[in-house]
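Residue numbers run from 1 in the order of the sequence given. Note that these values count all heavy atoms, side chains included, but never hydrogens, waters or copies made by symmetry.
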Amino acid sequence: MTTFSRRDALKGVGLGAVALTLSGCMSGEGAGRGVINADASGSITLDYATYNPLSLIMRKKKWLETAAEGIGQSVSWLKSAGSNKANQSLIGAAIDVGSTAGSAALLARANGAPITTIGLFSQPEWSALARTPDSPIRGVEDLAGRSIAATLGTDPYFLLIQALDEAGMSADDVTIVNLQHADGRSALDTHQVDAWAGLDPIMATAQEEGGDELFYRNLDFNTWGFLNAREEFLDQNPEGAQLVIDMYAFAREWAISHREEAIAVFAEEAGISDDVARTVWDRTHLDIDPVPGDDQLRVLRNIAPILVDSGDVSERKDADDAVENIIEKKYSRAADASAAARRIKGK
């Protein structure tokens with residue numbers, strides 16, 4: 001496990017994003033694929049993630065592949081283990097459209113990543129602070145001097161920072177251990193850390209399997225599910241971008257009207273139990289306006305000073321400019337679930 005000071009930890013995330021942008025490559029998931037989509041106007045590569053149930057359903061049903069074939073385009077998928085991984089894949093051009101928390105999208109954009117938010121996939125309460133059943137921790141104030149696992153650059157991390165601030169504390173009062181989400185759960189359950197900033201469905205699984213308890217929840221500190229696209233992709237393949245947004249609109253309507261089947265598909269594709277899938281589903285709000293706007297910008301404006309104060313973003317102007325310029329509404333405003341349905345049927 002790697003521990004970080006407040007400033008050094010977050011600076012690493014921000015500088016890493018810039019370095020990836022400059023190099024045009026990435027390590028980890030999708031490494032070496034950066035050149036595949038660079039000049040492709042007839043292909044769409046997007047991510048799927050357990051924190052984005054609609055992506056799992058779309059991939060399973062192959063709706064997008066069917067619709068894209070009708071306009072002479074191809075589709076491929078790449079798994080994201082977290083918002084930070086989705087950002088890496090976007091920056092490295094391994095994917096064209098990726099799903100992240102709003103906070104993670106802002107972090108990348110403020111550090112120069114050429115990405116734009118073109119839609120929303122949900123308003124989830126996918127993050128909370130967790131402890132083991134035998135832990136003496138009962139509230140955020142009990143975290144002083146303790147260690148907390150969190151994935152830097154993701155919503156659970158930013159929820160932790162906001163929760164600490166609400167309690168009159170800061171990251172300097174705790175030890176943050178930078179681990180990917182699944183490893184954070186393992187570290188908590190083996191008592192290598194005192195608490196964990198968790199992410200569903202791993203968090204819901206920890207509740208069911210290990211009896212881990214959520215001692216701090218706050219929906220307002222969870223940023224929305226953002227669909228982000230590479231700006232180069234939007235320039236080269238706007239038809240493909242619109243098709244993705246149309247298909248998300250169709251998938252959202254289908255999932256709402258076919259709740260039980262949707263939960264079953266989610267459970268199967270995420271490799272989780274039906275009970276865990278149902279818990280996550282109940283914490284995931286799909287009945288939303290998918291057009292990003294004032295509600296999301298309000299959340300991002302709360303996050304922006306945290307990025308600057310932590311040293312993750314060098315200048316407040318960079319964070320503020322990112323907030324004001326990250327959203328492009330035209331794709332989601334034009335979203336047409338009925339058109340997507342017709343394409344799936346080949347009509």
Side-chain angles (χ1 to χ4, degrees), residues 46-59 64 77-87 89-90 95-109 115-128 151 153-159 181 197-204 217-229 241 244-256 262-263 266 269-270 277 279-300 302-303 323 326-329 331-332 335 337:
L46 64 165
D47 74 342
Y48 65 102
T50 58
Y51 55 85
N52 178 0
L54 292 182
S55 70
L56 300 182
I57 293 170
M58 288 167 55
R59 180 170 175 266
L64 185 58
W77 298 83
L78 181 67
K79 185 175 182 179
S80 291
S83 292
N84 59 330
K85 296 298 185 181
N87 275 336
S89 295
L90 283 165
I95 59 176
D96 301 311
V97 181
S99 45
T100 75
S103 56
L106 178 64
L107 170 63
R109 175 88 185 197
I115 64 171
T116 297
T117 301
I118 59 174
L120 305 172
F121 59 86
S122 69
Q123 184 192 13
E125 187 191 359
W126 51 21
S127 181
T151 308
T154 67
D155 239 27
Y157 171 79
F158 289 110
L159 177 136
H181 301 298
L199 181 74
D200 274 336
I202 302 169
M203 184 170 68
R217 298 174 63 177
N218 190 332
L219 177 62
D220 290 338
F221 285 174
N222 287 254
T223 59
W224 297 63
F226 278 34
L227 289 171
N228 311 305
V244 170
I245 295 302
D246 287 352
M247 199 57 60
Y248 262 99
F250 173 80
R252 183 179 299 104
E253 289 187 3
W254 181 90
I256 291 172
I263 292 174
F266 173 43
E269 293 301 297
T279 296
V280 175
W281 200 268
D282 290 342
R283 293 200 283 239
T284 302
H285 304 91
L286 295 176
D287 190 12
I288 62 169
D289 180 354
V291 181
D294 290 341
D295 287 343
Q296 292 72 43
L297 291 176
R298 190 177 305 111
V299 173
L300 295 185
N302 290 336
I303 296 292
V323 171
I326 193 171
I327 287 175
E328 172 54 77
K329 297 182 180 182
Y331 294 97
S332 50

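Considering only heavy atoms from C-beta on, Trp281 comes within 4.5 Å of Leu286 through its side chain. Counting only heavy atoms from C-beta outward, the side chains of Phe226 and Leu300 approach each other to under 4.5 Å.
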Could you please spell out the steps behind the side-chain contact (heavy atoms from CB on, under 4.5 Å) verdict for Asn228 and Thr116?
-> CA-CA 5 Å; Asn228 311 305; Thr116 297; over 6 Å; no

Please lay out, stage by stage, how Asn52 and Tyr248 fare under the test side chain to side chain donor-acceptor pair (under 3.5 Å).
-> CA-CA 11 Å; Asn52 178 0; Tyr248 262 99; 3.0 Å; yes

Start with the C-alpha distance between Leu64 and Leu46, add both sets of side-chain angles, then the distance that settles side-chain contact (heavy atoms from CB on, under 4.5 Å), and finish with yes or no.
-> CA-CA 10 Å; Leu64 185 58; Leu46 64 165; 3.6 Å; yes

For side-chain contact (heavy atoms from CB on, under 4.5 Å), just list the numbers for Val299 and Phe158, CA-CA rounded to whole Å, side-chain angles, deciding distance to a tenth of an Å, and then say yes or no.
-> CA-CA 11 Å; Val299 173; Phe158 289 110; over 6 Å; no

Worked verdict on Thr151 versus Tyr157 for side-chain contact (heavy atoms from CB on, under 4.5 Å) | CA-CA 6 Å; Thr151 308; Tyr157 171 79; over 6 Å; no

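Evaluation of the side-chain contact (heavy atoms from CB on, under 4.5 Å) rule for Pro156 yields Ser127, Thr154, His181, Ala197, Leu199 as partners, not counting sequence neighbours. Looking at residues two or more places apart in sequence or on another chain, you find no side-chain hydrogen bond (donor to acceptor under 3.5 Å, both in side chains) involving Ser83. Taking Asp47 as the reference, nothing meets the salt bridge (Lys or Arg N to Asp or Glu O under 4.0 Å) condition, with sequence neighbours excluded. Applying the side-chain hydrogen bond (donor to acceptor under 3.5 Å, both in side chains) rule to Glu125 yields the partners Arg217; only residues at least two apart in sequence or on another chain are considered. Partners of Arg252 by salt bridge (Lys or Arg N to Asp or Glu O under 4.0 Å), not counting sequence neighbours: none found.
The CD1 atom of Ile245 sits 4.0 Å away from atom CD1 of Ile118, with the distance rounded to the nearest 0.5 Å. To the nearest 0.5 Å, atom CD1 of residue Ile263 and atom CG of residue Asp282 are 6.5 Å apart. Rounded to the nearest 0.5 Å, atoms OG (Ser55) and CD (Glu269) are 9.5 Å apart. For the atom pair Asp155 CG and Phe221 CZ, the distance stands at 11.5 Å (nearest 0.5 Å). Between the CD1 atom of Ile326 and the CD1 atom of Ile115 there is a distance of 5.5 Å, given to the nearest 0.5 Å. Here the CG-CH2 distance, from Leu54 to Trp254, works out to 10.0 Å after rounding to the nearest 0.5 Å.
Between Phe121 and Tyr51, the ring planes lie tilted relative to each other; the angle falls in the 30° to 60° range.
The nearest pair of heavy atoms linking Phe266 to Leu56 is CD1-CD1, 3.6 Å. Considering every non-hydrogen atom in both Thr223 and Ser103, the closest pair reads OG1-N, 3.1 Å. The shortest non-hydrogen separation linking Asn218 to Asn222 is O-ND2, 2.9 Å. What you find for Trp126 and Met203 is that their closest heavy atoms are O-CE, 3.5 Å.
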Donor-acceptor contacts under 3.5 Å from residues 287-296 side chains, at least two apart:
unit_1	atom_1	unit_2	atom_2	d
Asp289	OD1	Val291	N	3.0
Asp295	OD1	Arg298	NH1	3.0
Gln296	OE1	Gly293	N	2.7

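Put simply, the side chain of His285 gets close to the backbone of Gln123: a donor and an acceptor are under 3.5 Å apart. The main-chain N or O of Pro124 is never found under 3.5 Å from a side-chain atom of Arg283 such that the two would form a donor-acceptor pair. In this structure, the side chain of Thr117 does not engage the main chain of Leu227 through any donor-acceptor pair within 3.5 Å. Not a single donor-acceptor pair under 3.5 Å links the side chain of Asp200 to the backbone N or O of Val280. Checking side-chain atoms of Ser332 against main-chain N and O of Gly119 turns up no donor-acceptor pair under 3.5 Å. Without hydrogens or angle criteria, Asn87 side chain to Ala104 main chain gives a donor-acceptor distance under 3.5 Å.
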